[in-house]
Amino acid sequence: MSNKYNPAEIEPKWQQIWAEQQLYKAVEDPERPKWYALTMLPYPSGDLHTGHWYAYTPSDAGARFRRMNGYNVLFPIGFDAFGLPAENAAIKHGAHPAQWTFANIEQMRAQLGRMGAMWAWEHEAVSCDPEYYKWSQWFFRKFYDAGIAYREYAPVDFCPTCNTTLAREQVWGDDRHCERCGTPVIKKNLEQWKFRITRYADELVEMLDQIEWPERVKVMQTNWIGRSIGAEVAFHTEQGEPLVIFTTRPDTLWGATFMVLAPEHPLVNAITSTEQRAAVEAYKEQAARMDEIQRGAVDKEKTGVFTGGYAINPVNNERIPIWIADYVMMGYGTGAIMAVPAHDARDFAFAQKFGLEIRRVITGPDGAAGPLTEAYDAKDAGEMVNSGPFDGTPVEDAVSKVTAWLEANELGRGAVNYRLRDWLISRQRMWGAPIPMIYCANCGVVPVPYEDLPVLLPDDAEFRPTGESPLKYHEGFRWVKCPQCGGDAERETDTLDTFMCSSWYQYAYLSPYWKAGQPLKADDMPWEKTVGDYWLPVDQYTGGIEHATMHLLYTRFFTKVMRDLGLVDFDEPMLRLFNQGMILGPDGEKMSKSRGNVINPDEVVDRYGADTVRGYLMFIGPWDQGGPWDPQAIEGVYRFLQRVWVVVVEAMQVVQPQGKPARTPSPDQLRALERKLHQTILKVTDDMQDFRFNTAIAALMELNNYLYKVRETDVVNSAIWHSALRDLLLMMAPIFPHIADELWHRQGNTSSIHLQRWPAGDPEKAREAEITVVVQINGKVRDRLVVAPGAAKADLEGAALQLSSVTKWLEGRAPRRVIVVPDKLVNIVAD
RNA sequence: GCCGAAGUGGCGGAACAGGCAGACGCGCACGACUCAAAAUCGUGAGGGGAAACCCGUGUGGGUUCGAUUCCCACCUUCGGCACCA
């Protein structure tokens, strides 16, 4: 046994012992409170990078801390193993994606093992395993039966590089690029499977109040769902056909001076006059050619044409012209708007360009009712004018009053619209769970029977360099008998979005590959119920913010559907969420091979050990902030561990110099040590609760510096010294699990440190013996008083005024006022 | 344009129910050990000034005995959304 700190020796040793003792096996125990700690599962790229370490090791420290505080902790890991990189590798190397994927998983298991995390490996689940995706398909089938899954022919986003359609959530940025590969997406008209997430839009917004998630994630989801409350109002065409519009400002109905339809609006044909037909057709064609990116450009000049048709405004029976323009989208609301140029910036720009009337119906905050030079859209000041029965109504009440009036007169009704679109889950890729659907010439769309699941991926797929899905060309896969009529039929060759596989993985972990090899039924449960009843829902989730409007929205939706299917009895899958920041290269930029600023965690672990890497990552700064990797700063954590080693190992040895009797330390020394210890326990306990690892480590360093300094004094001949060493190790255990267990055993303990209870801090023992009180004159520090804590205000004031420095500064002036904050300061105010 | 987060030493950061700005660490300087270096240990430092002191938490105002912390207006950076009616 070496007497020097040698992580390369002790870390593999402890990892092996922990595994042999099944130290992290999670077993239901009704006697103890449970804690389901979950971290976002990795994609098995084959290489665990620093980002994974930054995501996982603090998450592990948090889980370990809970465990030491009496919780029965489940901290599982698995692999989100379907996806395009495996398919691309298959095209490149000619190997099956499964081969590539499982080889990578093997490699990553070893890398994950080096972290020294308390992974509950027996709960591992791999989403590309047929026994896993059997259940993904089962969920699809359940969703289909429940009317949540449906098929639709519509314009969809398509990534030309990934060769597949994408969900709206996977299209990012103002250039509308693919979230995975960065290529700008194009629009295609395709028949695709979707999930009715919009049915849950309201609940997805409302229930954000019930979960402890970072505010910014809640805001992003709220904005993404984009609920707007207003009214639908029935206008009519001159010919009498109803023309329904959605507006958030029904109070401006009297200011509508024209209407605008989306070019694709079904009514356009009917209302277009003979004279305008050619212009309308030309505009429609032009709009159709343009994709949404071009149409959506905000600064684009407004375009549009008059249809020749007119509509009747139901509130005043006015006849107003109907235009078409591409700034109105068919996909939102009813695809038609009433234009109120006076109170909407877009309508204002349009009216100005085409010389249409701008009629003011809301006064300015000062009562101004004259012509406008720009749209006035404030909703908190002004009152209605030129609005018939509503003149004089303050805007604050206007929307609700007009909406009620519309309903009473059957002209419209209150309505809500969402920006959220249904979740497109079809992917034209091979390496995903096949959508379990069959198309039969006789029976139409036929779902694969539950007992026939899984629909297996072929293991002899042929990958084409064109990037097309091999399933389309795999005769054995594609052609089937119809489950209903037995006739020739065709399989769906699209696969499920991998986000669907990860939407329920926290449930899959409970009892991985549940009912493996058994036929499934409609009323099955995808996990062992008693296990789920104990662990669910997830208590603490950690992961990156990049999933704010993708995975984190989808898994909430999934859980709500599962609740409605009777699978779970709660509304939200994850009660608490923490988003870690991003670890950057030493140059402060995102790590990337092309930049050459990648830190390879394996190399750093070889050099310093996993404990140092863990501790350094947690020491950099607040976990949600991320930050640059500093190759020099990591030395500080390494030195800290070496100094802990020295303090603890030296204490094991005989410290009494020969011939000198052991001397008793003074009570002051002992109290000072005890105070430092309990201050540290209180501080570290508090910090660990909230993942403030950086300040927790700083406090541990302070304590160790203190112990290091006094280790050659008489305090070592005391019980408090030994309990300080013991508590230091206990507090280090979640962050530095290996060195903590090693030194713990060297102290003579026989069971693992990770089975011990977290030390209890005593505020009484942490209290300072004396406190420095600052003496200020006019807010500037001029002197200090050292007093016992809790000194009376009057005494502090008196003592301060006695100070020679104070009388000097006052130069004979009488204090006008003296502010005393006990234990803090005395501030003397003088003219 | 709208929404959100953040600006503190040479660097990462600490301290905000308003009360000694810069904990902890990196780097730096000096010293000890060494023939020397590395490692280790010790000491030191926000800037200016010989000192007394003065100035300092993005900028400018404000509230207060007192503001990194609260309020107002800007500037910069990052993230999200964007003709959503």
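Below, chain A is the first sequence line, B the second, and so on; all start at residue 1.
- The side chain of A/R782 lies closest to B/C53 when the candidates are B/C81, B/C65, B/C53.
- In this structure, A/F258 and A/F350 have parallel ring planes: the angle between them is below the 30° cut-off, well short of the 60° mark.
- Regarding A/R419, its CZ atom lies at a distance of 18 Å from the P atom of B/C2, rounded to whole Å.
- Here the side chain of A/K780 is nearest to one of B/C54, B/G4, B/G80, namely B/C54.
- In this structure B/G42 sits in a base pair with B/C30, meeting the Watson-Crick or G-U test at under 3.5 Å.
- Nucleotide B/A85 forms a pair with no other nucleotide shown, judged by Watson-Crick or G-U wobble geometry with both contacts under 3.5 Å.
- Distance check on atom P: B/U40 versus B/G27 gives 9 Å, rounded to whole Å.
- A tilted orientation is assigned to the rings of A/F693 and A/F691, their planes being inclined by 30° to 60°.
- Residue A/Q776 is classed as a base contact, given a heavy-atom separation below 4.0 Å to a base.
- Side-chain proximity of A/W224 to B/C81, B/G25, B/A14: nearest is B/C81.
- Checking B/A85, B/C83, B/G25 against the side-chain heavy atoms of A/T247 singles out B/A85 as nearest.
- Residue A/T612 is tested with A/Y638, A/F736, A/F640 for a side chain to side chain contact (heavy atoms under 4.5 Å, CB included); the sole match is A/Y638.
- Distance A/E712 CD to B/C41 P: 12 Å, rounded to the nearest Å.
- As judged by a 4.0 angstrom heavy-atom cut-off over every strand, A/A633 is placed among residues touching the sugar-phosphate backbone only.
- For the pair A/Y327 OH and B/A85 P, the interatomic distance rounds to 13 Å; values are reported in whole Å.
- Between B/A14, B/C20, B/C41, one nucleotide has an atom nearer to the side chain of A/Y708 than all others, and that is B/C41.
- Across the protein-nucleic acid pair, A/K218 atom NZ and B/A5 atom C1' stand 16 Å apart, rounded to whole Å.
- Between B/G42 and B/U76, the two P atoms lie 47 Å apart (nearest whole Å).
- The side chain of A/V774 lies closest to B/C20 when the candidates are B/C20, B/G12, B/G19.
- Rounded to whole Å, the distance from CD1 on A/I819 to P on B/G66 is 8 Å.
- Distances were taken from every side-chain heavy atom of A/L825 (C-beta onward) to each of B/G13, B/C20, B/G19; the shortest belongs to B/G19.
- Residue contacts for A/R816: at a heavy-atom cut-off of 4.0 Å it reaches no nucleic acid atom on any strand shown.
- Nucleic acid contact for A/T772: base, since at least one base atom lies under 4.0 Å from a heavy atom of the residue.
- Atom P of nucleotide B/A5 and atom CD of A/Q625 are separated by 14 Å, given to the nearest angstrom.
- Side chain of A/R643, nearest nucleotide from B/G12, B/C53, B/G42: B/G42.
- At a threshold of 4.0 angstrom between heavy atoms, the contacts of A/N417 with the nucleic acid are absent.
- Regarding the sugar-base torsion, B/G9 falls in the syn class, its angle being within 90° of 0.
- A/D587 and A/N597 share a side-chain donor-acceptor pair at under 3.5 Å.
- Across the protein-nucleic acid pair, A/I735 atom CD1 and B/C24 atom C1' stand 13 Å apart, rounded to whole Å.
- When the P atom of B/A82 is taken as reference, atom CG of A/N223 falls 10 Å away, rounded to whole Å.
- For A/D344, whose side chain is taken as the heavy atoms from C-beta onward, the closest listed nucleotide among B/G12, B/C20, B/A85 is B/A85.
- Listed nucleotides: B/C24, B/C83, B/C26. Nearest to the side chain of A/E702: B/C24.
- Nucleotide B/A52 forms no Watson-Crick or G-U wobble pair with any nucleotide shown, as no partner meets the under 3.5 Å limit on both distances.
- Across all strands shown, A/V219 has heavy atoms under 4.0 Å from sugar-phosphate atoms exclusively, and none from any base.
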Exercise. Mind running side-chain hydrogen bond (donor to acceptor under 3.5 Å, both in side chains) on A/Y616 and A/E635 for me, showing each step along the way?
Key: CA-CA 9 Å; A/Y616 172 61; A/E635 296 273 357; over 6 Å; no
